[in-house]
Amino acid sequence: MQYWYFLTALTLISALMVVLSKNPIHSVLYLVFTFFCISGHYVLLNAQFLMAVNIIVYAGAIMVLFLFVIMMLDLRRNAPESKSTLTKIAGVVTGGTLLVIFIAGTKNMSLGEVGNSYNSQTGMVENLGQLLYKGYLLPFELVSILFFVAMVGAVMLGKREAGERNF
Amino acid sequence: MKLSNKTKVLEQEEMTLAERMYLPAIAGGMLTTLKHFFQKPVTIRYPEQKRYLGPIYRGQHILKKDEQGAERCTACGLCAVACPAEAISMVAEERKKGEEHLYREEKYAKVYEINMLRCIFCGLCEEACPKQAIFLRHDKMVPVFNSRDEVIFGKDKLVENMDDRYLREGWK
Amino acid sequence: MEITSTVFTAKAIYVGVIFAITLGVAAYSTYFERIFAAFFQDRVGPDRAGPMGILQPLADAVKMFMKEDFIPSNASKWLFITGPCLSMFTALMTSAVIPFGDTVDFGNGLRFDLQGIDVNIGILWVFGVVSLGVYGILVGGWASNNKYSLLGAIRAASQNISYELAMGLSIICILMMTGSLSTKAIVEAQQNGHWNILYQPAGFILFIICAFAECNRTPFDLPECETELIGGYHTEYSSMKLGFYLFAEYINMFISGAVMATLYFGGYDYPFYDVVNDAWGTNIANFIGFGALIGKALLFVFVFMWVRWTLPRFRYDQLMNLGWTGLIPIAMFNVVWTGLSILLPTSFNLPSWGSIGVSWIGIPVLIAGLFVYHAVVGGKKKKVALAR
Amino acid sequence: MTNEQIAQDLVSKFGEDKIYGIVENYGLLNVTTSVDTIVPLLHYLYQHPTFKFQFLTDLGGIHFPDAVGQELGVIYHLHSLENNVRLIIKLYVPIESPVVPTITKLYAAADWMEREAFDFYGILFEGHPNLKRILNTDDMDYHPMRKEYPMEDATRQDKIDALFGR
Amino acid sequence: MSDVALVSSPNVGIAKPEESKKYVNELTTLNLGPTHPATHGIFQNILTMDGETIIDSEQTVGYIHRAFEKIAERRPLYQITTLTDRMNYCSSPINNMGWHMTVEKLLGIEVPKRAQYMRVIMMELARIADHIICNSILAVDTGAMTGFLYVMQWRENIYEIYEELCGARLTTNMGRFGGMERDFSAEAIRKIKHFLSEFPKALREFESMVKRNRIFMDRTIGVGGISGERALNYGFTGPNLRAAGIDYDVRAMNPYSSYEDFEFDVPVGTTGDTYDRFLVRGEEMWQSLRIIQQAMDNLPEGPYHADAPHYYLPPKQEVYRNMEALIYHFKIVMGEIDAPVGEVYHSVEGGNGELGFYLVSDGGRTPYRLKFRRPCYIYYQAFPEMIKGSTLSDAIITMSSMNVIAGELDT
Amino acid sequence: MSDRTIKTVEAPQGLEGQGFFAAKLDDLVGLARANSLWPLPFATSCCGIEFMATMASHYDLARFGAERISFSARQADVLMVMGTIAKKMAPVVKQVYLQMAEPRWVMAVGACASSGGVFDTYSVLQGIDRIIPVDVYVPGCPPRPEQILDGFMQIQELAKTEQRRRRESPEYKALLNSYGIE
């Protein structure tokens, strides 16, 4: 359990730092660190496959792209433009609403017994594969189609207009 | 435009399939380098091995003496005039009685200085000298310097040492 | 198995040994790179520092430690320091799952795997850590506040992401054949000469190309190419922080060599293992296996160097083009063909070499396909070029 | 196509008061012209159906301090590649107002050549897109190739000047 | 003279990038040089880039401006050889001999055939040395270091030949007015023959490593191209112009130093891109080898310098004994030779193109004005146009394939 | 090729005994630095071409541990200024020198860099020692590769004998101050 507390604390701190740090690059790096901590949680749950995939996909690919984009934009390092009062008010309202919903949702929650039904083999690759390709084959395939559509869309967006020099 | 009858047009040939696939050309290139891997290096390990400098290499200057050990230079100043870098300076003086064994001609250079950092080793001074007094040694390079104070070579460093005479077998 | 203190100590010693070997190999890779480069170029290479110049890495290291540690005034200080550390860290992390040898028996029922951890996602671990390796470069390049560094960092990021795909697809074929993600299982499946290279020639070529790209070595050394970016991401680094970057590159080379040996060349397997086993016992045979793996990895390091001193480098867009439109389709074809080579022999009851035969037939099929593509599309492309 | 033909054609086209100083130096035709003629002359030579002086070999300044009113000169070297004939055109301007029209619109190569001539001699090329110093530092306040300026760096210390012929 | 229409230059139609077209992307400026490794330490390009695509570039040159033309006005004619050496230092014998031929034209000296052939051999060796550097540096800039070192070994061989003849490797100060200062020694002839027999192997090996390698071809084909018409308008000469398809070669059009005696081809490219420049330079090396072979085979016997006592230094023994020779010796060294008043233009085919010398003599011991036509200086202005729209990597290999020599660029 | 013995570095003076060897740290560091000098070739003209020859197979500068030609000033140890430095270039040279990390050495290769050489003109800096401190001058125009190697070995000697703390000494600071650095 001490691992769990430690990891959770780290996760929360780094997640907070994502929001609190001024520099977007630092934010992204904290976010990467958060993903690491979450992967740590996966390890504690013996879900090594999820851990690896989380690192490969989120930390290794998506966040690299995030960083990439932010670096490209941040070339001039100009000061962040001051937010208008309206955005501030809107932010407070949205955040407050979320907080209220969150509190309302957790108020009646009771902590059940954990561990009784826990099967340490759930997260193993074989079990995951069995589940995905047997029980949930249709959703799996649908998701893949969704991804495919998204990819086509990205390609279409990224493609330059005809006549423009493409290197 | 065709201007001469010697034109030879070099066409950029299309890449063949093998060339498009990268690997054959890469393999060929790697074989070439591998061949060199096993060849003997051509390196001359300099401080230990000296390279052949040629019979007329233009190295450090020397003020020649004749067979009797008298300096050949007559301080005519042609070398200084011919020097494009204006690196040579000299002060001429009349030979006094009793100095015939030291100086061959009636006038001699009392001071003869070459700024070795200015010198561009073009060899024009050697060519200009009517008395064959100054030579650029083919067997010795000017050493490197650690400070600016060492770079002007006076007669103490330039005049030939009779125990270690400079001979040039090559041209001239 | 309970974690007893003996096992823990043994693991610690083992990890220490592996780190020492990795660092030593990396240090001497710098020396051997110089020597090999010299040989390829008809030179002699460093020969002053110690006999044959073998103290050269030591001299370099001491010099770097003693050099002024310089942080540019406009740089982001902490990230500037983090960059090389991350590079080094991720480079060293990979070796945890590589099985450097079979189980060694110390007697008294004390058996010990020559492997850091045998997780059942071993190869994914390698993959994940490798994909993190780019952070060091990215962070360092950005923190330097130098446009050349930034360009290098960005090139590194996009290049690594792109080549990971093809790399993953080529690994998938191995997984299909072995049926496990565990590196140990992959190696064990290749024992007695059934090396994957025989079944996966195309996959191996893909993998080695991607390994070049992931290690940022020529012909994919765009992030640091000297003539364009003056060193790319490490332009602003001096002292040991630079040393970390350079070191990390060599560690990566060694580790990727070890991975390639594990995946395609039978890991610690070597010919006449049985003979040795019978003559001198398992432990000796396994230690020889350990040496065999290191030897194979070093051979790949040599190939890395050989290629570096032979080839020109790609241009950024060509590299992307090759990755996305060349390697990924071929890798997909390879996945399909691997499926065929697994299914066909079993369905037609071919003898054991049948699978190998089918795999190798894939290569002419692939070339034929490329030929058709070349004939159909290649000509069209040329016309477009002329029209422009 | 001989040098005489070119000279005659030019004189008949532009008149003797605009084209003068026709000499042949080592087989190379030299003509001198005036500032207002140079652009039409070069265009004429460029488009001429047989001459086709379409290659600007070189362009440089020259300084004659003694020729009053004509101190600075510009020398154009033209080359007709198809006929393999070269032609040198000169023009002179007073040093007080060294203004010459630019020919960068005709020859792209003239861009830097004119900048060099400006840098060295201070000849102002009217209409040049980017007339500023090219080889020397921007803060230099004289035009070093004019005859009155010394060549030597004033700060050289290691020279003994009291010698022969210098 | 308003009846002359001011039109019809290809330069007129070239539009600047449209001002109206807005780049939505953020542009960065990148300072390339003057200490960037690919500029070989000499000139600056300030690139405006959109990502890695170059939108515009601004050049600054003059970082090693040494005022050659000013120095030339203060030096006797024979000392100018030391300046021409340092102009295109990759092929200094060509510069030397171009200058000597210019002066010989002014003085009216007829050079004997043997000296002319010797000059041809030296000039072609220099051309090979120049092209070796350019082509192999192009390979280095694409990342292939090793081929560079293979051919550089043979450049050492060329330097050894220079050393045999004049005693220096790079800044040779070779040749004198009226011929050469020395005849070929037996060793020099042996070395040239060795070079002729062995160098083709090395060159072939170098070409096999890069010429048909797809990585190299992809890097160079279609990169940094320029059309023949634009190239002419920009004053291109030499291999860069020939790569654009125009076979202007001074050796073929205005033969000097008996180039008319030799059989050789003028290679031309088709598209004017970097690969064509590489091919043209490569082929020119083969043609140079052909010329050297012919010159060595037909090397005439006879004197290696003109019989011109007013201009050519007498032998040292003569000076010592003969009063007349001594007087001539003094006059020549002092620079007091009787140069006629006049203007002379002479051009040779240098490593980079037409290397011209425009000498205005007022009869004094120094030139009144000496204008060097430096091919680099003239064609380097086209660089921004050639790289517009390409990537940073393209710009770098375009630069190295243009062979911009700093000494020649800035004099 | 009779003399095949290569002079490798000699072990530093120290106390040698059964299984132990103690040397002064300064000497060791000096030795290490001397054998790992990364040059920054600041090649502007002819001497740069000779530097290529020095790097190339026949002379092979790499033998002295200078394999890695470092174009980034931060990583270099020796600034090799080769070729004419015009007054326009002078601020750039100084900038590069300032960017280098300590310890740094400067080598002026060739007549132009050392003294201006044949170019005694208004546009050429008469020696780079007017703007930055120079440790070794190599004469020649251009120097032969042998001479460049000589100069390089001279720098190695300097590196070997230099006190580790020299760069913090007041004399060194005074030297830099005389050039208006820091």
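Treat the numbers as computed from the prediction; the structure is a model and nothing was measured. Side-chain atoms are counted along with the backbone in the values below, which use heavy atoms only and exclude waters and symmetry mates. Chain identifiers are assigned alphabetically (A, B, ...) following the order of the sequence lines, protein sequences preceding nucleic acid strands; residue numbering begins at 1 within each chain.
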Engineer: Sort E:Arg251 into side chain, backbone, both or neither according to what part of it lies under 4.5 angstrom from a heavy atom of chain B.
Structural biologist: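 It is neither, since no heavy atom gets under 4.5 Å.
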Engineer: Chain B heavy atoms under 4.5 Å from E:Ser208: which part of the residue, side chain, backbone, both or neither?
Structural biologist: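 Only the side chain of E:Ser208 comes within 4.5 Å of chain B.
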Engineer: Relative to chain B, which segment of E:Leu326 carries a heavy atom at a distance below 4.5 Å: side chain, backbone, both, or neither?
Structural biologist: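 Looking at E:Leu326, just its side chain touches chain B.
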Engineer: What part of E:Lys191 lies closer than 4.5 angstrom to a heavy atom of chain B: side chain, backbone, both or neither?
Structural biologist: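 Contact with chain B involves the side chain of E:Lys191 alone.
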Engineer: Against chain B, label E:Asp273 side chain, backbone, both or neither, depending on which of its atoms sit under 4.5 Å from a heavy atom there.
Structural biologist: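 Contact with chain B is through the side chain of E:Asp273 alone.
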Engineer: Under a 4.5 Å heavy-atom cut-off, does chain B meet the side chain of E:Leu279, its backbone, both or neither?
Structural biologist: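 Contact with chain B involves both backbone and side-chain atoms of E:Leu279.
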Engineer: How about B:Val81 and E:Met334: do any of their side-chain heavy atoms sit closer than 4.5 Å?
Structural biologist: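 Side chain of B:Val81 against side chain of E:Met334, heavy atoms only: contact under 4.5 Å found.
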Engineer: Is it the side chain or the backbone of E:Val210 that comes within 4.5 Å of chain B heavy atoms, both, or neither?
Structural biologist: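 Answer is neither: E:Val210 stays 4.5 Å or more from chain B.
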Engineer: At a heavy-atom separation under 4.5 Å, does E:Glu263 approach chain B through its side chain, its backbone, both, or neither?
Structural biologist: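 For E:Glu263, neither part sits under 4.5 Å from chain B.
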Engineer: Where on E:Arg86 is there a heavy atom nearer than 4.5 Å to chain B: the side chain, the backbone, both, or neither?
Structural biologist: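 It is the side chain, since no backbone atom gets that close.
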Engineer: Do the side chain of E:Arg214 and the main chain of B:Leu23 share a donor and acceptor less than 3.5 angstrom apart?
Structural biologist: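 No.
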Engineer: Does atom CD (B:Glu93) have a neighbourhood of more than 12 heavy atoms from anything else shown, all under 6.0 Å?
Structural biologist: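 More than 12 within 6.0 Å, yes.
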Engineer: Could you tell me which portion of E:Phe216 (side chain, backbone, both or neither) has an atom closer than 4.5 angstrom to a non-hydrogen atom of chain B?
Structural biologist: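 Neither; nothing under 4.5 Å.
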Engineer: Sort E:Thr172 into side chain, backbone, both or neither according to what part of it lies under 4.5 angstrom from a heavy atom of chain B.
Structural biologist: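 Backbone only.
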Engineer: Please look at E:Asp218 and chain B and tell me whether the side chain, the backbone, both or neither of the residue comes under 4.5 angstrom of a heavy atom of that chain.
Structural biologist: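 It is the side chain, since no backbone atom gets that close.
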Engineer: Measuring only between side-chain heavy atoms, which start at C-beta, is B:Ile56 closer than 4.5 Å to E:Glu163?
Structural biologist: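 Heavy-atom side-chain distance check fails, nothing below 4.5 Å.
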Engineer: Report the residues that fulfil ring pair (Phe, Tyr, Trp, His ring centres under 6.0 Å) with E:Tyr311, sequence neighbours left out, ordered by chain and then residue number.
Structural biologist: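 Listed in chain order: nothing, the list is empty.
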Engineer: When you measure from the side chain of E:Glu283 to the backbone N and O of B:Leu10, does any donor-acceptor pair fall under 3.5 Å?
Structural biologist: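 No; judged by distance alone, with no hydrogens or angles, the pair does not exist.
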Engineer: For B:Lys50, enumerate each residue passing the salt bridge (charged side-chain N to carboxylate O under 4.0 Å, His left out) test, keeping only those at least two apart in sequence or located in another chain.
Structural biologist: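 By the salt bridge (charged side-chain N to carboxylate O under 4.0 Å, His left out) rule, B:Lys50 matches no residue at all.
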Engineer: Within the 4.5 Å heavy-atom criterion, are E:Glu156 and B:Arg51 side-chain neighbours or not?
Structural biologist: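 Of all side-chain heavy-atom pairs linking B:Arg51 with E:Glu156, at least one is under 4.5 Å.
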Engineer: Check this for me, if you would: do B:Glu86 and E:Arg75 make a salt bridge, where the nitrogen-to-carboxylate-oxygen distance has to be below 4.0 angstrom?
Structural biologist: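 A salt bridge links B:Glu86 with E:Arg75.
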